Every structure is written in structure tokens, then in C-alpha cells.
Amino acid sequence: MGTQEPITEISRSHSTSGPGRSARKRLRESFVLAKGRGLRSLLPGVMSALLLFVLAGIPLPASAQGLGMGDATSGKQPQQQAQEAVPSQPESGEDELRPFGYNLFTGGFRKEQERGINPDYRISEGDQIALRIWGTVTINDILVVDPQGNVFIPNVGPVKVAGVRNADLNTVVNTAVRNIYTSNVNVYTSLNSSQPVAVFVTGFVLSPGRYTGIASNSILYFIDNAGGVDPQKGSYRDIRILRGGQEVHKADLYEFLLKGKIPILQFRDDDTIIVGPRGGAVGASGEIRNAYRFELSGSQITGRDLSDMARTSPAVSHVQVSGTRKSIPFSSYLTFEEFTRVDLFDGDQVVFAADEKTDMITIRVDGAHLGPSQYVVPNNTTLGEMLDHVPVNKELAMHELISLRRVSVAERQKQTLEESLHRLENTYLLASSATDEEAKIRSQEAAMLSDFVKRAREVEMKGLVVVANNDNARKMLLEDGDVIFVPRRTGAVLVSGEVLIAQAHVFKKGDDAEEYINRSGGFTDQADPKKIILVRPSGEVETDSGDVRPGDEILVLPKVPTKNLQLAATLTDIIYKIAVSSAVVMQMY
């Protein structure tokens, strides 16, 4: 087993400067553990919710050689903090936001079992009841509830069951039978089926009509059969049930969407469900889980109620409200606490934002290291200060070849590539042809280039910052989202690109790149033997393929299939940029 100890160098060049007294004091006071961004961990009012562990007395080397990493056995390291990923919604206008509940009616409620009679169902005319009596007398029959609401039992007479709950049916019948047969009699009843009902569904639904079901079907069943609420015109909060022209119930589906409460109602033949027109609405987007257009139940809603329905992220600190007041457009930017006391009206647009400044950043450590993988540290932390607290096993980790992956660098690499691809499209795909023969050649090249450009845009840039062999690397300030990568020690050399068999080989001292390429079957027909690059584990790129080391990747670039020298130079430049920035060899076909 290897020992766990600090890294003492990252390159053949040694640094004589170590972290100063102020840096040591800052780390002792400020290194905090995090699973994720943890930016809210320093905000007033939430200190008790997100506990910050301050690591006191972390010993730092008096003189650090290169980029040092912490001792894994010291037991005094930064810790991790949980991350809850909260999807961030883009700012959207009302036309881009769907109404809350738009996906409620997709056919799921049409599958309600028509024979599933619930315990609260009230017996009504036409229902069929199975009756079994044994003992003094024997009866096995199916009884139908007559227009007077009775069932007739031989030797007992009519028994009133209309309006009785299904759960109480056996008790009512048993009592009536025992009034006649006082001993040695057993009674069992069950509701076999209820009388079908036909209910009208109209108003702002997609398919108004008359739909059949059973009396115990929910209001959702009938609306779903009618195609659901019209998401642009219909209301999810103004649904009325009429019986004989009189309103007997009013439903608000937000109660079901938010709390799971569903209106309990027993339908009768020719009842009418009317879905009203959509009422006023307020759009909500930004740092929330429910980015929708929320319908108002009245003329207004409070900011607190909207934030509860929208389910805001814990990171929300400010809210932008825009709309119209007295026919005059207005916009305001409020703290979240102020927003909760604001009244909102029809047409308002609300954007929730996490807009609190913080002096902490999140750093991730990947690769062959020990201990936590994510840290929240002060935003003026240097790479060297960070690495003094990341333990490794030096027998397993290539600690001298660490690299840094940075979001801003990846974005810049992507932007540079996009600019090159854009110039390529403008120069060669839109160029005119002087002759038919030239047009034919250009057409073939255009098809190839279009496919190449499409695939090139899908390449993910690594944003690699090479820090090996650099005396100033320790002093480099870290940025939020940086990833420190510690490569694992290996005895293999990877060969990829334009070779017959892309594979890894055991490192053999003294062999150059071409010898490894020959072991991979040699060059393909599309390979350019003069375009071979070495990518070191540190991220360094070299075009001299003679000095191959363990962990290196040999990339063989393709030839550019065109006689146009300018086009060939442009394509070669793009292929090289992609290989260096992402370690991917782009093929022309």
C-alpha cells in the first residue's frame, strides 16, 4: 500500500515561495465544506440552516516546494457540503410560459375503472345489489333499486336503500332482515354495479359533449374525456357543476395540483360540467421549480402565495416584477422579503433571481486524489493554497502533472472554434462558381464541409489550463467552478485518431510515436503522417513525437481532402484546435 502524503512538486521546476502568513490565517478561518455551490451559505438569516465548518489550526508547510497537497493523515482537511440541483428557468414572457396544470389532462383519468364503486358512493335508482341470506331462510338474488329507492326482499318487503352509503349498505339490509328473522340468519350484500350516468361537459374544453361513466367517477374523468381544459382559453380554477340548471358544486383544480385534494361529488344523469374562461394570470420564471403562468382565483395574488406555488429556489434573493398599473407600464426590483408583501395583478411577469454577492467559490477535485471532491473556499484562494489541503497517494497519482479545467477557458475555446467555423461557412459554402465543373466540385465540398461543421459544433471543450512546468502556478487565483485534475499513474500509452486500431499499449522506454502507431496497425489512408501530436497527462501538447512518456496520448490527425490550399489551411487549423482543446480527432468524413 502506498503512503498518503502531500505533493511536493508538480514539475521539474521548483518554486521557492510558499503561502504567506495571511494566506494561512485565511485558510484556517474560511475553508468550508460543500457538496455544491453553497453560495447562500454566507447570506444573512440562513447561517443556522447551512452549517459552515471552520477548520481551525490547519498546519501549512513553512516552505512549499512546487504545488503542495495536504497530508491525508492530518485529519484537518476541508469538508464537503451537500448540493441540491435546482433547475434554473430562463426569463420568459407570458406567451412562452405554459399555464400551470397544462399537462394534467393527457388521458390518464380516462382509465378510471367503471366498476370501482367507492365506499362513499350513495345508492341510487337502477343500482344492482347482490343479496345472499342463509340460515332460517335461503335467498340468493340480484335486486334492482326501484324508482322509489327501495329493493324488495321476499318475506321481508321493501327496504329503503336510496341515499345509503355503499359502506353502510350491508348494515341497513341486515337490520331489515333481522326484524323478520330474529335468529339463525346471516345476511351478505354487495353493490354489483351502479347505474351508468351521462354527463354534459362544455365551456372551455377541447371536445365538448356528453360523456358516459358511473356516478362515482371524478370530475377529472369527465373533463379528461372531453379533451381536458383548453390550455389557452380555459380556466383551471372556475369549474361549475349544474344539476337541473342550478349550481351544486364549484371546483378549483389548483387544490388538486398543489395539495392533492379532489372534489367529492356523486354525479347524476344529465348533470353539466362547465369549464369557465381563463381568469387573470401572473407569469413566474427564473430560479424556481415551477415556471408557469399561474391563474388568479380573484383579481390579485400576494407575492408569498405566488412563490409558494412556484416553489422558489433557496438561493432566491431578489425578484423583478413588471406589469401595468393604471394603464402605465411599470417595473420594480425587490428583495425577496419585500416581494412577499406585494400584491400582483393580471398580466404581471415575475422573475426570481439569485442575486446576492458572495466571497466564496466552489472548487472540484477529480482524478487520483483522496478525501472530498468539492470545496467551498474564499474567492481569493490560490491554486497552491488549495492543493495544500488535497491529499493524494503519491505512488498512485502523477502529482507533478496536475492540470486545471476552467469554465471560462472552455467558453473561450468554444467561441474561438465557432468563429473559425463561421468564417469557413461564409468563405466556402456561400462562394459562387464560375463554371459548371467548378460548381460540381464546390457542391461536393459543400456537402462534406456542412457535415464537418455540424460535427465540430458538437465537440465539448475541456477548458484545460496547463500548470505543470510553471513556477508561477501556485500564485494563480482560482475561479468558481474550477476543476483540479490529478492524473492517475499509468504505464500505458494511448494511440487514437487516424490509425487502424485505436488502443492502449504498455509503455516501452525509448520507443517513439511511430513505433506505437505501427503496433496499432499503422496509419489509415486518411492519415497525415506529418501531423502527429502528443498530449501529456498534464494537458501539454507537443508536436515532437520522439519523447513518448507513460500516460501520453498519441493523436494522428487526418489529411484534408482538398486541393484548395487556403481551404486546406483553414480545415487543418480547425482540426488542430479541436485536438488540442478536447483531445478529439475530427475526421473529414
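Numbering of residues begins at 1 and proceeds along the displayed sequence. What you are looking at is a predicted structure, and each value in this text was computed from that prediction instead of being measured.
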> Under 4.5 Å between any side-chain heavy atoms of S403 and V466, yes or no?
Replying inline: no

> Less than 4.5 Å apart, any side-chain heavy atom of V453 and any of R457?
Replying inline: yes

> Any chance the side chains of T416 and K577 put a donor and an acceptor closer than 3.5 Å?
Replying inline: no

> Does the side chain of L571 reach to within under 4.5 Å of the side chain of L449, using non-hydrogen atoms?
Replying inline: yes

> Can you check whether K462's main-chain N or O pairs, donor with acceptor, with R405's side chain at less than 3.5 Å?
Replying inline: no

>> Are the side chains of F105 and L206 in contact, using a 4.5 Å heavy-atom criterion?
In response: no

> Where do A284 and A310 come nearest, in terms of heavy atoms and distance?
Replying inline: CB-CB, 4.3 Å

> Is a side-chain donor-acceptor pair under 3.5 Å present for Q349 with S322?
Replying inline: no

> Would you say the side-chain atoms of T312 pair up with the backbone N or O of D308, donor to acceptor, closer than 3.5 Å?
Replying inline: no

> Under 4.0 Å between a Lys/Arg side-chain N and an Asp/Glu carboxylate O for R489 and E395?
Replying inline: no

>> Does the structure place the NZ or CZ of R549 under 6.0 Å from the centre of the six-membered ring of F507, at an angle of no more than 45° from the ring's axis?
In response: no

> Which heavy atom of I484 sits nearest a heavy atom of M386, and at what distance?
Replying inline: CD1-CG, 3.8 Å

> Do P378 and M360 have side chains that get closer than 4.5 Å, going by heavy atoms?
Replying inline: yes

> With E553, which residues qualify under side-chain hydrogen bond (donor to acceptor under 3.5 Å, both in side chains), at least two apart?
Replying inline: S496

>> Check R406 with D480, please: is the shortest side-chain N to carboxylate O separation under 4.0 Å?
In response: no

>> Any side-chain to backbone donor/acceptor pair from D573 onto T570? Under 3.5 Å, distance only.
In response: no

>> Is the ring pair Y516/H505 parallel, tilted or perpendicular, if the boundaries are 30 and 60 degrees?
In response: tilted

>> Using side chain to side chain contact (heavy atoms under 4.5 Å, CB included), reason through T362 and Y375 one step at a time and then give a plain yes or no.
In response: CA-CA 6 Å; T362 300; Y375 301 84; over 6 Å; no

> So, D224 side chain and F109 main chain: donor-acceptor pair closer than 3.5 Å or not?
Replying inline: yes

>> Quick check on side-chain contact (heavy atoms from CB on, under 4.5 Å): which of I532, L555, I517 does V495 satisfy it with?
In response: I517

> Taking only residues two or more places apart in sequence or in another chain, which ones pass salt bridge (Lys or Arg N to Asp or Glu O under 4.0 Å) with D528?
Replying inline: K531

> Looking only at atom types and distance, does a side-chain atom of D512 sit under 3.5 Å from a main-chain N or O of D547, one as donor and one as acceptor?
Replying inline: no

>> Tell me whether E460 at atom CD has more than 12 heavy atoms from other residues, nucleotides or ligands lying less than 6.0 Å away.
In response: no

>> Between L478 and L404, does the side chain to side chain contact (heavy atoms under 4.5 Å, CB included) criterion hold? Intermediate values first, please.
In response: CA-CA 9 Å; L478 295 173; L404 188 69; 4.2 Å; yes

>> Tell me whether S313 contacts the main-chain N or O of A315 through its side chain, where contact means a donor paired with an acceptor under 3.5 Å.
In response: yes

> Roughly how far, to the nearest 0.5 Å, is OG1 of T106 from CG of L104?
Replying inline: 7.5 Å

> Can you check whether A502's main-chain N or O pairs, donor with acceptor, with S520's side chain at less than 3.5 Å?
Replying inline: no

> Distance from I574 atom CD1 to E419 atom CD, nearest 0.5 Å?
Replying inline: 11.5 Å

>> L257 vs F100, test: side chain to side chain contact (heavy atoms under 4.5 Å, CB included). Steps then yes/no.
In response: CA-CA 9 Å; L257 290 165; F100 183 60; 3.8 Å; yes

> Does the side chain of P99 reach to within under 4.5 Å of the side chain of F294, using non-hydrogen atoms?
Replying inline: no

> Does the side chain of S373 reach to within under 4.5 Å of the side chain of V365, using non-hydrogen atoms?
Replying inline: no

> Hey, mind stepping through E479 and S408 against side chain to side chain donor-acceptor pair (under 3.5 Å) and telling me if it holds?
Replying inline: CA-CA 9 Å; E479 294 181 6; S408 61; 3.1 Å; yes

>> Show the nearest heavy-atom pair for residues Q374 and R364, with the distance to one decimal.
In response: CG-CG, 3.7 Å

>> Looking at N290 and M309, would you say the former's side chain and the latter's main chain have a donor-acceptor pair under 3.5 Å?
In response: yes

> side chain to side chain contact (heavy atoms under 4.5 Å, CB included) between V541 and L534: does it pass, once the steps are laid out?
Replying inline: CA-CA 6 Å; V541 176; L534 286 179; over 6 Å; no

>> On a heavy-atom basis, which atom in F485 and which in P487 lie closest, and how many Å separate them?
In response: O-CD, 3.5 Å

> Going from CG on L258 to CZ on R311, what distance comes out if it is rounded to the nearest 0.5 angstrom?
Replying inline: 10.0 Å

>> Can you tell me which residue among T543, I554, V556 is in a side-chain contact (heavy atoms from CB on, under 4.5 Å) with I533?
In response: T543

> OG1 of T572 to CG of L557: how many Å apart, nearest 0.5 Å?
Replying inline: 8.5 Å

>> Would F339 and F352 count as a ring pair (Phe, Tyr, Trp, His ring centres under 6.0 Å) here? Give the steps.
In response: CA-CA 10 Å; F339 170 75; F352 295 86; 5.4 Å; yes

> With distance as the sole test, does S581 use its side chain to make a donor-acceptor pair with the main-chain N or O of I578 at under 3.5 Å?
Replying inline: no

> When rounded to the nearest 0.5 angstrom, what distance separates CG in L387 from OG1 in T381?
Replying inline: 11.5 Å

> So which heavy atom on A397 is nearest to which on A368, and how close?
Replying inline: CB-O, 3.4 Å

> If you take all heavy atoms of Y236 and P231, which pair is closest and at what distance?
Replying inline: OH-CA, 3.9 Å

> With no hydrogens and no angle check, is any side-chain donor or acceptor of K559 less than 3.5 Å from a backbone partner on D525?
Replying inline: yes

>> Using side-chain heavy atoms (C-beta onward) and a distance below 4.5 Å, is R488 in contact with L396?
In response: yes

> Less than 6.0 Å separating the ring centroids of F336 and H318?
Replying inline: no

> Can you name the one residue among E418, Q413, E411, R412 that meets side-chain hydrogen bond (donor to acceptor under 3.5 Å, both in side chains) with Q415?
Replying inline: R412

>> To the closest 0.5 Å, what do you measure between CG (L383) and CG (N470)?
In response: 10.0 Å

